[in-house]
Visitor: 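One structure follows; several queries about it will come next.
Residue numbers start from 1 in every chain, and the chains themselves are labelled A, B, ... in the order their sequence lines are given, proteins ahead of strands. Given the structure is predicted, the values throughout are model-derived calculations rather than measurements.
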There are 2 protein chains.
Amino acid sequence: MRITTWNVNGLRAAIRKGFADQIAEIQPDLLLLQEIRVTPDQLDEEWRSPDGWHVHWHPAQRKGYSGTAVWSRLPFEIVGTGTSEADPDDEGRLISVLCEGLNVSSVYLPSGSSKPERQIVKEAWMNRFRSWVTGLPTTGPAILGGDLNIAHTEKDIFYAKANEKSSGFLPHEREWFGDLLKAGWHDTARHHFGDVQGPYSWWSNRGRARELDRGWRIDYLLANAAAHSRFRSATIHREAGITVSDHAPVSIDLD
Amino acid sequence: MRITTWNVNGLRAAIRKGFADQIAEIQPDLLLLQEIRVTPDQLDEEWRSPDGWHVHWHPAQRKGYSGTAVWSRLPFEIVGTGTSEADPDDEGRLISVLCEGLNVSSVYLPSGSSKPERQIVKEAWMNRFRSWVTGLPTTGPAILGGDLNIAHTEKDIFYAKANEKSSGFLPHEREWFGDLLKAGWHDTARHHFGDVQGPYSWWSNRGRARELDRGWRIDYLLANAAAHSRFRSATIHREAGITVSDHAPVSIDLD
DNA sequence: CTTGGTATG
DNA sequence: CATAACAAG
C-alpha cells in the first residue's frame, strides 16, 4: 500500500493547478494533506466528497488558514484530533485515523519563521506533540506523516550554515526531531535514500530556489517498528508538485 | 487639442494590462485619471515622471484607494484640490489645473453602491461639488472631466427600469446632474452623439455586461460655454479600455 | 468580478 | 513570492 503526505499550500489553488492529475499519477492508497486552507463547505461537492475516496477534513477555525485532511481508498475510523483532550486543535494540525489496522496521522507543525511569537507557539506545539507521540499505543503499526517544519540534519537542507539561526533548523528543533528517532520512529525517506544530500521536499518561492534545488526536507513519513518492518520504498515526487505547491508530495510503499 | 478622461481602476493593474499602448493610440494632450489607487512613490520612476509629460498626482491618504491625476503634454499650473479650503480632499477626488488658459479638472465622485454610509458620503460630496462648481470663475474656458458615478438619463444606462433605486441612477442624483447642465455646463458626448441609447463608458465586471454592452455612461467631459464654443468632437474609446479597466476612456477634441 | 492591502507562510 | 480574507467598487 502507498501512503503519501503533501502540504498543498491551499487546496483550492492546488486544484486549479492540477492536484487531481498529480494524485492520479502518484496513486496513493492513503493521502495525508496539510495546509488545506479551506473548510469542506467552501469546496464543490466533487471535491468535498471525491469519488472513490473516504475523506475526513480537519480544517482550522480561522478561514483560509492551516488545516489537515486524510483521504483513503479504504474505509477508516477517526482515532482523534489534536494532542490531548485539553487541546482543541483549532488550527486543525493533527488528525489520526485507523485504516486496515494501521494507525496513520496527518500533522502540520506551526511555522516559526514569521515572527518570534509564532516560534513560541511552534515550540509549545512541539512539546505537546512529543507527549502525544509518547502516549501512542506501541502495539500495532503506525505512521506519522506531515510537514514538521524542521529539517533534521545538514543533509536535509541546502544552506545549512546560513540557516543555523533560522526557525526550522535551530539546534534544539533538530534535537527534538532526533529524539523522535531515538524513541523508535524511523525516518523512512532517509532510510531509503541513505546518507546523501537531500532529497528536499520544500523550496522557497523566492528567487529560483526550486529550479536550483536549494530546498529543505521538512515533510516526513515516520514509521514505528511494526510499520517499518513492512517498509519497501520511499519517493519524493520532486516533479509532481512543481505546478501545484511549494512542497513536493512524499510517499512510502508498505507491504 | 484632445482631452481624455479615464477611470483606470488601479493604475498599476492598468499598466500591466497595456495602459501605455492605449494612451499611445488615443494621443491625448491632456489626460485626466481617476481611481489611480497608487501613490507616486509606489511607481517606478518611468511611470512617476513619464517621458514627454507634465504630471501631477493627487492620491488618497489611504493606500490603494481612489486618487486622481492630471497628465499634460504642455506645462500647467495647479489651481487647487478639493472643493474648498475646508475640504482636505484626503480621498484625492478633485484636482484642477490651468493649461494654456484652459481650466481643467479631474474629478472622481464617491460610489454609493457598496453601503448606505457611502451613499451619504457621496451626497455630501455632491453638495460640496455643486457649491464648488458655482464658485468657478466664469470668464475663461473650463472642462470638468471624470467619473461622476451618476448616469443622467435613460439613454445613459442599459437597465434603466431595474436601476431606478440603484445608487448612480437615483432620481435626485439625475436631477443633480441636470442642474449642472442648467448652470451652463455642456455634456459634450451627449451633444456629439445625440439622443441615442449610450454609448456607455462603464460596465460591471460581473456576468458578461461588457460583451453584451449592458453599461452605464458615468464618465463625462463637461464644457462651459467658452470651452464648448471650441468643441469639435467626442469619442468613447469602447475598445481601448477592454483589456485595461472596467471604464472606457472618454475624449473630446477642441479647436 | 476585480484591485489592492494585509496576514501568514 | 504565493495563498487567501477582506474592503471597496
Visitor: Could you check how far CD of B:Glu91 sits from C1' of D:dA7, rounded to whole Å?
Guide: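 One finds 13 Å between C1' of D:dA7 and CD of B:Glu91, rounded.
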Visitor: Can you sort out the partners of A:Trp132 under ring-ring contact (aromatic ring centres under 6.0 Å, His included), two or more places apart, ordered by chain and number?
Guide: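 In terms of ring-ring contact (aromatic ring centres under 6.0 Å, His included), with neighbours along the sequence ignored, A:Trp132 is linked to A:Phe129.
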Visitor: Roughly how many Å is it from CD in A:Glu117 to P in C:dG9, rounded to a whole number?
Guide: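 So the two atoms are 11 Å apart, to the nearest Å.
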Visitor: C:dA7 phosphate, OP1 or OP2: any side-chain N/O from A:Tyr65 under 4.0 angstrom?
Guide: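 It does not, given that no N or O in the side chain of A:Tyr65 lies less than 4.0 Å from OP1 or OP2 of C:dA7.
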Visitor: In terms of side-chain heavy atoms of A:Glu35, which of C:dG9, D:dG9, D:dA8 is nearest?
Guide: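 Nearest to the side chain of A:Glu35 among the choices is C:dG9.
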Visitor: Let's see if you get this right: which residues in residues 8-19 of chain B place a heavy atom under 4.0 Å from DNA chain C?
Guide: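 Those residues whose heavy atoms fall under 4.0 Å from DNA chain C, taken from residues 8-19 of chain B in numerical order, are B:Asn9, B:Gly10, B:Leu11, B:Arg12, B:Ala13, B:Arg16, B:Lys17.
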Visitor: OP1 or OP2 of C:dT8 less than 4.0 angstrom from a side-chain nitrogen or oxygen of A:Arg62, does that happen here?
Guide: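 For C:dT8, OP1 or OP2 has a side-chain N or O of A:Arg62 closer than 4.0 Å.
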Visitor: Go through the side-chain N and O atoms of A:Glu35 and A:His247 and say whether any donor and acceptor fall under 3.5 Å apart.
Guide: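 Side-chain D/A pair, A:Glu35 to A:His247: absent.
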Visitor: Side-chain contact, heavy-atom cut-off 4.5 Å: A:Gln42 with A:Arg37?
Guide: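 Counting from C-beta outward, A:Gln42 and A:Arg37 never come under 4.5 Å.
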Visitor: Quick check on DNA chain D: between A:Ile36 and A:Gly207, whose nearest nucleotide comes earlier from the 5' end?
Guide: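 Comparing both residues, the 5'-ward one is A:Gly207.
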Visitor: Select base, sugar-phosphate, or nothing to describe what A:Ser113 touches, counting heavy atoms under 4.0 Å on all strands.
Guide: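 A:Ser113: no heavy atom of the nucleic acid under 4.0 Å.
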Visitor: Taking OP1 and OP2 of D:dC6, is either one under 4.0 Å from a side-chain nitrogen or oxygen of A:Lys63?
Guide: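 The answer is yes; a side-chain N or O of A:Lys63 sits under 4.0 Å from OP1 or OP2.
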Visitor: Side-chain contact, heavy-atom cut-off 4.5 Å: A:Ile95 with A:His56?
Guide: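 Sidechains of A:His56 and A:Ile95: in contact.
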Visitor: Nearest whole Å is fine: how far is D:dA2 P from A:His247 NE2?
Guide: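 Interatomic distance, NE2 of A:His247 to P of D:dA2: 14 Å.
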Visitor: What is the distance, rounded to the nearest whole Å, between atom NZ of A:Lys122 and atom C1' of C:dT8?
Guide: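 Going from A:Lys122 (NZ) to C:dT8 (C1'), I get 14 Å.
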Visitor: Specify the separation, in whole Å, of atom CZ of B:Arg37 and atom C1' of D:dC6.
Guide: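 In whole Å, D:dC6 C1' lies 12 Å from B:Arg37 CZ.
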Visitor: Knowing that exactly one of B:Thr83, B:Thr81, B:Thr68 qualifies, which makes a side chain to side chain contact (heavy atoms under 4.5 Å, CB included) with B:Leu94?
Guide: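 Result for side chain to side chain contact (heavy atoms under 4.5 Å, CB included) with B:Leu94: B:Thr83.
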Visitor: Is there a donor-acceptor pair closer than 3.5 Å between any side-chain N or O of A:Tyr220 and the backbone N or O of A:Ile150?
Guide: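 Indeed, once roles are kept as given, a pair shorter than 3.5 Å links the two residues.
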Visitor: Between C:dA7, C:dG9, C:dC1, which nucleotide has the shortest distance from any of its atoms to the side chain of B:Arg206?
Guide: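 Nearest to the side chain of B:Arg206 among the choices is C:dC1.
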Visitor: Distance check needed: D:dG9 P versus B:Asp147 CG, whole Å only.
Guide: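 In whole Å, D:dG9 P lies 11 Å from B:Asp147 CG.
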Visitor: Measure from CG on A:Asn205 to P on D:dA4 and round the result to the nearest Å.
Guide: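 Between P of D:dA4 and CG of A:Asn205: 13 Å.
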Visitor: OP1 or OP2 of D:dC1 sitting under 4.0 Å from any side-chain N/O of A:Ser204?
Guide: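 Result: no.
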Visitor: Grab the CG-P distance between A:Asn7 and D:dT3 for me, whole Å please.
Guide: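 Going from A:Asn7 (CG) to D:dT3 (P), I get 12 Å.
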Visitor: Could you check whether atom CD of B:Glu25 has more than 12 heavy atoms from other residues, nucleotides or ligands sitting under 6.0 Å from it?
Guide: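 At most 12 heavy atoms, drawn from other residues, nucleotides or ligands, come within 6.0 Å of this atom.
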Visitor: How would you label the contact of A:Gln42 with the nucleic acid (heavy atoms, under 4.0 Å): base, sugar-phosphate, or nothing?
Guide: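 It contacts sugar-phosphate atoms only.
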